[in-house]
Peer 1: 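Please find one structure pasted underneath; my questions will follow.
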Amino acid sequence: MKTAVTAAELDIPSLRKAFPVLHQTVNGHPLVYFDNAATTQKPSAVINALVDYYRGYNANIHRGIHTLAEKATRAFEESRVAAQKFLGAREKEEIIFVRGVTEAINLVAQSLGSILLQPGDEILLSGMEHHSNIVPWQLVAELRGALIKVIPVTESGELDMAAFERSLSVKTKIVSVNHASNSLGTINPIETIIQKAHAVGAKVLIDGAQAAAHLEIDVQKLDCDFYCISGHKMYGPTGVGVLYGKRALLEQMPPYQGGGEMIKEVTFEKTTYNDIPYKFEAGTPNIADVIALKGAFDFINGLGKEAIRAHENKLLQYAVTRLTSVKGIRLIGTARDKVSVQSFLLEGIHPFDVGQLLDARGIAVRTGHHCTQPLMDRFGIDGTVRASFAVYNTEAEIDRLLEGLTRINSLHR
Amino acid sequence: MTIAETQKEIINDFALLEGDREMSVMYLMDLGEKLPAFPEEQRIDGNLVKGCQSKVWLVATLRKDRIYFSADSNTAITKGLVSLLIRIFNGHLPDEILDGELFFMNQIGMDRFIGTQRSNGFAAMIQRMKQYAKALKTTSGIQA
Ligand SMILES: Cc1ncc(COP(=O)(O)O)c(C=O)c1O
């Protein structure tokens with residue numbers, strides 16, 4: 001591994017050059033892209049990897065014996081090894097390529113749920129989950145007669161850990177929480193959650209959608225049973241993500257979808273399934289995006305998570321300090337430990353209007369419930385304005401956001 | 001003024017903003033603020049326009065065969081949008097509203113400054129207004 005450089009050494013102007021999309025004007029203003037929690041922009045290395053594959057060695061993988069198929073298969077499996085290293089998994093067979101976190105959670109909910117859940121069993125989620133870490137569990141809970149319980153969220157946007165411990169019992173079979181919240185930025189104490197959940201015999205899934213681009217991940221140290229990430233939120237392409245699962249569990253779990261690739265032998269009487277990971281990768285996979293995802297792992301590893309985190313922390317601190325000075329602002333999500341996400345409301349102006357007015361000045365933020373309606377209900381609001389920062393963002397861009405908000409305040413009162 | 005004439009007036013008003021997005025959005029928000037206060041007792045779910053991301057309440061009444069709308073929204077830009085429709089349709093006969101063709105949106109470049117989500121909501125508002133016109137036409141006893 002590359003030795004981590006200090007934050008001061010990250011050369012942001014030259015790093016920005018690697019992201020073609022950043023260099024444009026939007027509505028007559030240089031683009032300020034603060035919607036990174038929804039999806040990050042892609043470096044040229046990732047874009048080129050996609051183009052190179054389609055131009056140079058597009059072929060279906062695994063069963064081909066010709067040269068292009070061999071080259072594509074090798075690149076595909078190299079991505080698996082890169083994902084294994086990125087997540088700290090013991091074996092590459094524990095890495096399953098999926099469409100993203102949504103598909104990963106649906107896979108685990110359906111497959112694990114079918115062998116683990118009995119009527120009256122409990123699935124424990126948190127009050128700050130994305131809908132994609134709620135609805136798949138509701139579907140399987142209904143099917144199996146299981147119940148969903150929820151860890152409450154405090155006013156600052158942290159998990160109520162005392163309530164979490166009280167919720168655990170022998171009935172708890174699955175605990176599924178995010179590593180970091182997409183709406184609040186809160187980094188959850190997943191080490192403790194995993195350890196306490198295991199103590200009552202529950203399996204734990206960690207939704208790492210908002211962690212992958214920011215935080216160190218080591219699934220062996222964490223000892224989580226499942227961990228999932230989406231490529232597009234970590235400088236990679238859309239339509240590809242990774243599900244890590246412990247070998248012993250993946251081997252016990254039934255396939256999620258049937259088709260080609262996932263079988264050993266098919267007869268109309270009896271089909272035998274392939275070994276992991278292929279058992280869970282039915283059909284022709286998203287070859288191009290899987291291959292290009294390696295470019296995203298390389299990009300992040302090249303900078304080092306520590307340096308990324310230091311830069312983004314600086315941006316978050318700067319943003320919070322400056323935002324606090326805006327008239328009528330209410331910050332939502334003020335946990336001590338956060339990734340670079342800040343939600344807020346401006347008094348008397350709906351988030352949609354704030355978003356539209358900022359867009360008119362070339363500033364991209366997200367507005368609405370961010371697919372976390374139960375969390376919005378918790379705060380008694382129907383949405384927020386959310387600015388989320390990536391490694392290529394700058395303090396000067398935060399100044400632009402502040403200018404925009406100040407102007408909205410002055411013109412619309 | 002006819003439905004077409006009011007639209008031409010709106011097009012001229014927006015032309016003064018020379019396509020500046022920020023000014024256009026601000027102007028819309030100002031227009032929304034000028035809408036008469038919406039009756040509190042009408043702020044019920046049954047009066048919400050389905051298909052809008054923002055909340056839009058819309059009601060219609062008939063006075064001397066002519067239709068008058070009132071509306072409100074929880075977002076200022078949407079309130080501005082519905083205020084344009086009210087300005088165009090208010091005081092017209094149900095048939096005029098049902099036959100009225102809307103052409104101002106393209107000409108003021110509305111899609112560019114409101115985005116697809118609000119465009120869909122806008123279409124839903126128009127549809128709801130036409131539904132009101134259809135329903136009130138029968139109650140008013142006017143025959144086509
Ligand atoms: C915390 C969290 N979980 C899950 C998801 C869903 O990810 P995807 O849409 O890539 O499947 C997101 C994306 O918004 C997220 O932020």
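The chains referred to below are lettered A, B, ... by the order of the sequence lines, with proteins before strands, and numbering in each begins at 1. Values below: all heavy atoms of this structure, side chains included; hydrogens, waters and symmetry mates excluded.
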Peer 1: Is it true that atom CD of B:Glu101 has more than 12 heavy atoms of other residues, nucleotides or ligands lying nearer than 6.0 Å?
Peer 2: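 No.
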Peer 1: If you compare all heavy atoms of A:Leu357 against all heavy atoms of B:Glu22, which two are closest, and at what distance to 0.1 Å?
Peer 2: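 Heavy atoms of A:Leu357 and B:Glu22 come nearest at CD2-O, 4.4 Å.
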Peer 1: Where do A:Asp359 and B:Arg21 land on the side chain to side chain contact (heavy atoms under 4.5 Å, CB included) test, with the steps shown first?
Peer 2: CA-CA 9 Å; A:Asp359 178 62; B:Arg21 272 174 75 128; 2.6 Å; yes
Peer 1: Mark yes when over 12 heavy atoms from residues, nucleotides or ligands other than B:Lys130 sit less than 6.0 Å from its NZ; otherwise mark no.
Peer 2: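 Correct, the count exceeds 12.
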Peer 1: Can you tell me how far the CG atom of A:Asp353 sits from the NZ atom of B:Lys79, to the nearest 0.5 Å?
Peer 2: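 Output value for this atom pair is 11.0 Å.
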Peer 1: Near B:Arg66 CZ, under 6.0 Å, is it more than 12 heavy atoms from other residues, nucleotides or ligands?
Peer 2: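 Counting other residues, nucleotides and ligands, CZ of B:Arg66 exceeds 12 neighbours.
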Peer 1: Using a cut-off of 6.0 Å, state whether more than 12 heavy atoms not belonging to A:Met376 lie near its atom CE.
Peer 2: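 Above 12, so yes.
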Peer 1: For A:Gln356, run the side-chain contact (heavy atoms from CB on, under 4.5 Å) check against B:Thr75, B:Leu28, B:Ile77 and tell me which one passes.
Peer 2: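 Between A:Gln356 and the candidates, side-chain contact (heavy atoms from CB on, under 4.5 Å) is satisfied uniquely by B:Ile77.
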